[in-house]
There are 2 protein chains.
Amino acid sequence: MQDASDRPYHHGDLRRALIETALAILQEERGWQFTLRELARRAGVSHAAPYKHFADKAALLAEIALIGFEKLREALLAAQTAQPANDRDALLPAARAYLGFARRNPALYRLMFGAEAGEPAAVHLDDRARGAFAVVVEFLERGQAAGLIRKREALGQATACWALLHGLAMLELDGLLLREKVGEDAVEAALATLLEGLAA
Amino acid sequence: MQDASDRPYHHGDLRRALIETALAILQEERGWQFTLRELARRAGVSHAAPYKHFADKAALLAEIALIGFEKLREALLAAQTAQPANDRDALLPAARAYLGFARRNPALYRLMFGAEAGEPAAVHLDDRARGAFAVVVEFLERGQAAGLIRKREALGQATACWALLHGLAMLELDGLLLREKVGEDAVEAALATLLEGLAA
DNA sequence: CATGTAAGTTAACATTGTCAACATATGTTT
DNA sequence: AAACATATGTTGACAATGTTAACTTACATG
């Protein structure tokens, strides 16, 4: 927080500052209802300044959601380099990485798949969002080539993976996977079911 | 639309009227940003009248979301009585019913799983939401008893089903399952993967 | 140095959720 | 039947939000 006097009239890189502030708030408060004015306040700037960098609120949200997909992609990549794919359960680390991302960034994850960032299709069809999906597809294709994964249309399998992981993430974010209601390790069981469907 | 003159001061059953109007609008406009005032307008009532029936906006949304879960439960039940569970693919009709529900009520489905209806946990932990989940669990347990489904913790399997179906529904709602990108019938492929993981 | 442009500010506007104060039906008690 | 309490409407206000217009300031380029 800098004083109003020593702060220059021009921020310098307000666009990046806005995004970073938003990401920071999203990590602090699970259920922050995104308001542009609060964002501007926390960034130390007037409430109309963001409009010099984003057409409207949805555009800002879409940008943040896409950054979320980039982060998710990195998390997936990191997990799969951690262990060479020679095991039958080679998918597990990546799956856990996916769920871990959702767990660590609940509000961001919600934004990524919610309808608040404008047309969801516009977000998900962006290259940055597809990049994360591509990681899964490539991984499965390599698994098939190595004979670890049943030879089917990899895109269909990837869809199954993605869908199941997304569904699991949502259920967990909503606190719906209570031990008493769904068993000790429902997540592991669900993953096992998926793997059994994929294994060669 | 009745004239203001012949309309009685008291609506009679405004609570139900509000809910029905909201459901109607949700079906017309995919991306309606829910405003209480428009809802009151379309119901032919003053903008503050809804507060006599709902504590706040989130309460109204939560109620509507729960009605969505009831409808989903009915759709699932209807699908599974349509075909006795003697086939290996006995799950398919129910799965298609789930996806069909999401396809027919995209905005409502979004509301059911979004964060706009207050704390999502409060919605999903309600008995009406759990009822829909219970349908899946019971179905799997019967399948296990009939020797059609691998004997595992049914709750874990149900979690897998639910998660995969929810994920598929979201992907499809976002128009992410484009034929050119994900193959001709990615949905069928994903379901097949799930069934192979469940089958005995 | 002049001047155009990018990036800020302030001031307004319509809309929204919400609340308080008031009005009108309905039902219950005496 | 009269009186009153309660449920259910209405109106009018309030602060907050997204957004736009008009204005200012810094910087860059001729």
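Letters A, B, ... mirror the listed sequences (proteins, then strands); counts begin at 1. All values below were derived from every heavy atom in this structure, side-chain atoms included, with hydrogens, water molecules and symmetry-related copies excluded. On a predicted model such as this, the values are computed, not experimentally measured, just so you know.
Residues passing the ring pair (Phe, Tyr, Trp, His ring centres under 6.0 Å) test with A:Phe113, sequence neighbours excluded: A:Phe69, A:Tyr109, A:His124, A:His166. For B:Glu141, the side-chain contact (heavy atoms from CB on, under 4.5 Å) test picks out B:Val137, B:Ala154, with sequence neighbours left out. Residues that satisfy the side-chain contact (heavy atoms from CB on, under 4.5 Å) test with A:Ala75, not counting sequence neighbours, are absent from this structure. Residues satisfying the side-chain contact (heavy atoms from CB on, under 4.5 Å) criterion with B:His47, sequence neighbours excluded, are B:Arg37.
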Open item on the list: For nucleotides 12-19 of chain C, give me one character per nucleotide, 5' to 3': B if any protein heavy atom sits under 4.0 Å from the base, S if the only such contacts are to the sugar-phosphate, - if neither.
Closed with: B---BBBB
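Applying the salt bridge (Lys or Arg N to Asp or Glu O under 4.0 Å) test to pairs two or more places apart or on separate chains, those with a residue in residues 43-65 of chain A are A:Arg15-A:Glu63, A:Glu63-A:Arg128.
In this structure, the NZ atom of B:Lys52 is 15 Å from the P atom of C:dA25, given to the nearest Å. A straight line from CG of A:Leu60 to P of D:dT19 spans 10 Å, rounded to a whole angstrom. One atom, CG of B:Asp13, and another, C1' of D:dA7, lie 13 Å apart when rounded to the nearest Å.
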